[in-house]
Amino acid sequence: MPELPEVEIIRRSLVDKLEGRRIHGVEILLPRLIKWPSAYEFQALVTGKTIQKLERKGKYLILQLDDSMMLVIHLRMTGRLYFVDNEEKTDRFTHIIFDLGEGCKLLYADTRTLGTLYAMPASELWRIAGLAGMGPEPLTAEFSLAYFRGLVHARKGRIKALLLNQKLIGGLGNIYVDEAMAIARIDPDRLACSLNDQEAGRLYEAINQVIEDGINHGGTTFRDYRDGTGKSGSHQNYLAVYGRKGQPCKLCGTPIERKEVAGRGTHYCPNCQR
DNA sequence: ATCTGCTCCTGGATGC
DNA sequence: TGCATCCAGGAGCAGA
């Protein structure tokens, strides 16, 4: 599941290949992935435009085209975006093909087809509620300790639900949330407002740390995730709890457990996190 | 404000 | 081995 680190690695792996290239045409094999406007209009809006910038906000990739046209992509669970410069065969999961000329293509593939694509002028980005309403991201000045403490103090719900809420913090998903809570030794079942200042501070540091580590390790590859050139990440080899049910905690040896918290599968050490 | 539950979707894991 | 069922979860939404 691509979260902030994975999307950032995809962006970095594609930026030099995409910026300055012209979109000669778009082949849309699965129109329902285009959420705005219609697939037909989407095609018309991006065809002939040059990719000026490739940016990321939270888990969204944003291709800034000519005339402030924005091509926005969210990979959701199994979306993949990658660049090819030869006549590679495309598999049955390739749903959208951007022809970049000179034999180069940008492919959108997605096994579970939950991903979403949009095209609109910059002035209309408010249409994408999840993008327009996104909270500050880890590792930015806006995501300050004071901001985080304020959130934690004010929220009555579970701390895990807070961390997953993109309106409050942008870019975290299930894997990095479980990891941050493990590193900070916080029980994911705790209510946010029950955390004291010291615990909130530990969690704040852990969030920034797991995101930074995830990026430095090229992302976490469980099954589907690859960067824009097809390369896997390695952060799965460094995980404290996620996907390690039954395996010993790296700190105390207690078997990692899994339960449902805030509607999500949640991995934790029952000894370290309480 | 916050919760639960549902929807989208399919490959892989599990159960018998 | 084969078939049926369950599960993964990002995000949006309805309804409580």
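All chains are named by letter (A, B, ...) in the order of the sequence lines, taking the proteins before the strands, and each is independently numbered beginning at 1. All values reported here derive from a predicted model rather than from experimental measurement.
With distances taken from any side-chain atom of A:K156 to the nucleotides C:dG10, B:dT2, C:dA11, the minimum falls on B:dT2. Distance from the side chain of A:A161 is smallest to B:dC3 among C:dG10, B:dC3, C:dG12. For A:R92, counting side-chain heavy atoms from C-beta on, the closest listed nucleotide (C:dA8, C:dA11, B:dG11) is B:dG11. When the nucleotides C:dA8, B:dC9, B:dC3 are ranked by their closest atom to the side chain of A:L114, B:dC9 comes out on top. Nearest nucleotide to the side chain of A:M1, out of B:dC3, C:dG10, B:dG11: C:dG10. Which of B:dG12, C:dG10, B:dT2 sits closest to the side chain of A:R223 comes down to B:dG12. Checked against B:dC9, C:dA11, C:dA8, the side chain of A:R32 finds its nearest nucleotide in B:dC9.
Salt bridge A:E199/A:R190: present, at least one basic N to carboxylate O contact under 4.0 Å. Comment: A:K160 does not engage A:D187 in a salt bridge, judged by the lack of any side-chain N to carboxylate O separation of less than 4.0 angstrom. The existence of a salt bridge linking A:E102 and A:R22 is excluded, since no basic side-chain nitrogen approaches an acidic carboxylate oxygen closer than 4.0 Å. Under the 4.0 Å criterion applied to side-chain N and carboxylate O atoms, A:D189 and A:K259 are assigned as salt-bridge partners.
To the nearest angstrom, C1' of C:dC7 lies 12 Å from NZ of A:K245. In this structure, A:I169 places its CD1 atom 17 Å from C1' of C:dA11, rounding to the nearest Å. Taking atom CG of residue A:L164 and atom C1' of nucleotide C:dG10, one finds them 9 Å apart after rounding to whole Å. In this structure, A:M134 atom CE and C:dG10 atom C1' are separated by 11 Å, rounded to whole Å. If you take CG of A:D110 and C1' of C:dG10, they are 12 Å apart, rounded to a whole angstrom. Between the OH atom of A:Y118 and the P atom of C:dA11 there is a distance of 10 Å, given to the nearest Å. Distance, A:L33 CG to C:dG10 P: 18 Å, rounded to whole Å. Computed from coordinates, the A:I128 CD1 to C:dA11 C1' distance equals 13 Å when rounded to whole Å.
In terms of phosphate contacts, A:K59 brings a side-chain nitrogen or oxygen within less than 4.0 Å of OP1 or OP2 of C:dA11. Listed pair A:Q166 / C:dA11 meets the phosphate criterion, a side-chain N or O lying under 4.0 Å from OP1 or OP2. Under 4.0 angstrom from either OP1 or OP2 of C:dA11 there lies at least one side-chain N or O belonging to A:H74.
A side-chain contact (heavy atoms from CB on, under 4.5 Å) with A:Q247 is found for one member of A:K245, A:K250, A:R244 and no other, namely A:R244.
Nearer the 5' end of DNA chain C, as judged by each residue's closest nucleotide, is the contact made by A:E260, out of A:E260 and A:L131. A residue-by-residue look at A:F93 and A:G157 shows that A:G157 has its nearest nucleotide of DNA chain B further toward the 5' end. Residues A:R155 and A:T113 both approach DNA chain B. Their nearest nucleotides, taken by heavy-atom distance, put A:R155 toward the 5′ side.
If you check every strand for non-hydrogen atoms under 4.0 Å, A:Y176 touches nothing. Using a 4.0 Å heavy-atom distance criterion, A:G265 is classed as a sugar-phosphate-only contact.
Note on ring orientation: taking the six-membered ring where Trp is involved, the planes of A:H217 and A:H235 are parallel (angle under 30°, cut-offs 30° and 60°).
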